[in-house]
Amino acid sequence: MTAKTIDGRAIAKEVRAAVAADVAAMVAEGHKPPGLATVLVGENPASQVYVRMKHKACEKAGITSFQHTLPATATQEEVEAMVKELNANPEVHGILVQLPLPNGLDDERVLNSISIDKDVDGFHPINIGRLAQKGREPQFIPCTPHGCIHLLKTSGIELEGANAVVLGRSNIVGMPVALLLVEENATVTICHSRTRNLAEKCREADILIAAVGRPEMVKADWIKPGAAVIDVGVNRIDDPTAERGYRLVGDVAYDEANEVAGYLTPVPGGVGPMTIAMLLRNTVRAAKIAYGG
Ligand code: GUN
């Protein structure tokens, strides 16, 4: 059996269309369009690509975006001063500091300095704290984890009571996606580099979320037949036959996984587009909060 492909591009397109309609309605009511400010520190090539894609998506949805770049030599104070300025700017409803920050900068302090009402990444400790507590609503849900849940739900996959295994425990994906799955009443296991019998644990999963950043680590025999597999990994591997000299692969060995899984996200074209769609959604939400709605 071949897995059903979860088409992240198509699902993200629907979310972006809804966002664009929301923006148009907001403007028709006499408000300024929502505004997103990005802060990129240093010259990490992958981060540059992601930030560029976020601005392009904003433009398409009618969201104003402001791009701020700082050199890799920027000090902690300079980065925080920029965030402070954006906190005070009424045209900026959402602030996104692209991670990872260059070595020597303390990302926790930077994320802490973002106004909770503009934290469209959902990385502020208060937002994450609320996500971890029963009955508390975070102001914003982190984009990639929210995108994973949206892909599962849109594909009609039952989360309640499902065995979900999250491979990876990062602040950006692994931990928040595990918290969201708990909220959806899944039974969640978080696996990481010290987990014993990793393949066996993964094989128990009805839903497997791979977010470790290791190219094609998840093999066919790690997957329970029929399971839903969400591949969050985006890894560059050398490929002399490719125009750019590399190609992108996920954390899952796609071809062999495709023969065992019930549902599978491709890389690219799976989770990636959802991250951006959810960011746009959060930015509209931030503008609505600012406009008192
Ligand atoms: N780096 C990788 N993913 C993300 C994300 O969703 N937001 C930010 N700010 N940085 C990232």
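Read the numbers this way: they start at 1 and go in the same order the structure lists the ligands and their atoms. Along the sequence shown, the residues carry numbers beginning at 1. As the structure is a prediction and not an experimental result, all values here were calculated from the model.
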- request: Starting from atom 3 (N) of ligand 1, locate the nearest protein heavy atom and write down its residue, its atom name and how far away it is, to 0.1 Å.
  value: I172 CG2, 3.9 Å
task: Report the nearest protein non-hydrogen atom to atom 10 (N) of ligand 1: residue, atom name, distance rounded to 0.1 Å.
output: L99 N, 3.0 Å
message: Tell me if the CD atom of Q133 is crowded by more than 12 foreign heavy atoms within 6.0 Å.
response: yes
message: If you define the side chain from C-beta out and look only at heavy atoms, does anything of L248 sit under 4.5 Å from N235?
response: no
statement: Note: ligand 1 atoms sitting under 4.0 Å from heavy atoms of V97 are 8 (C), 9 (N)
query: Quick one: are I230 and L208 in side-chain contact, heavy atoms under 4.5 Å?
result: no
task: Answer side chain, backbone, both or neither: which part of Y50 comes under 4.0 Å from ligand 1, heavy atoms only.
output: neither
field: Rounded distance (nearest 0.5 Å) linking atom NE2 of H150 with atom CD1 of I141
entry: 12.0 Å
task: Check ligand 1 against L96 and write out every atom of the ligand that is under 4.0 Å from a heavy-atom position of the residue.
output: 9 (N)
- request: Over 60° means perpendicular and under 30° means parallel, so classify the ring planes of Y291 and H31, tilted if in between.
  value: parallel
message: Heavy-atom distances under 4.0 Å decide this one: backbone, side chain, both or neither, for L279 against ligand 1?
response: neither
query: Does any N or O atom in P100 lie less than 3.5 angstrom from one in ligand 1, N or O only?
result: no
task: Distance to 0.1 Å, residue and atom name: give those for the protein heavy atom nearest to atom 11 (C) of ligand 1.
output: Q98 NE2, 3.4 Å
D121 contact mode with ligand 1 (heavy-atom cut-off under 4.0 Å): side chain
message: If you define the side chain from C-beta out and look only at heavy atoms, does anything of L36 sit under 4.5 Å from F66?
response: no
- request: Determine whether V218 and L167 make a side-chain contact, defined as any pair of heavy atoms from C-beta on separated by less than 4.5 Å.
  value: yes
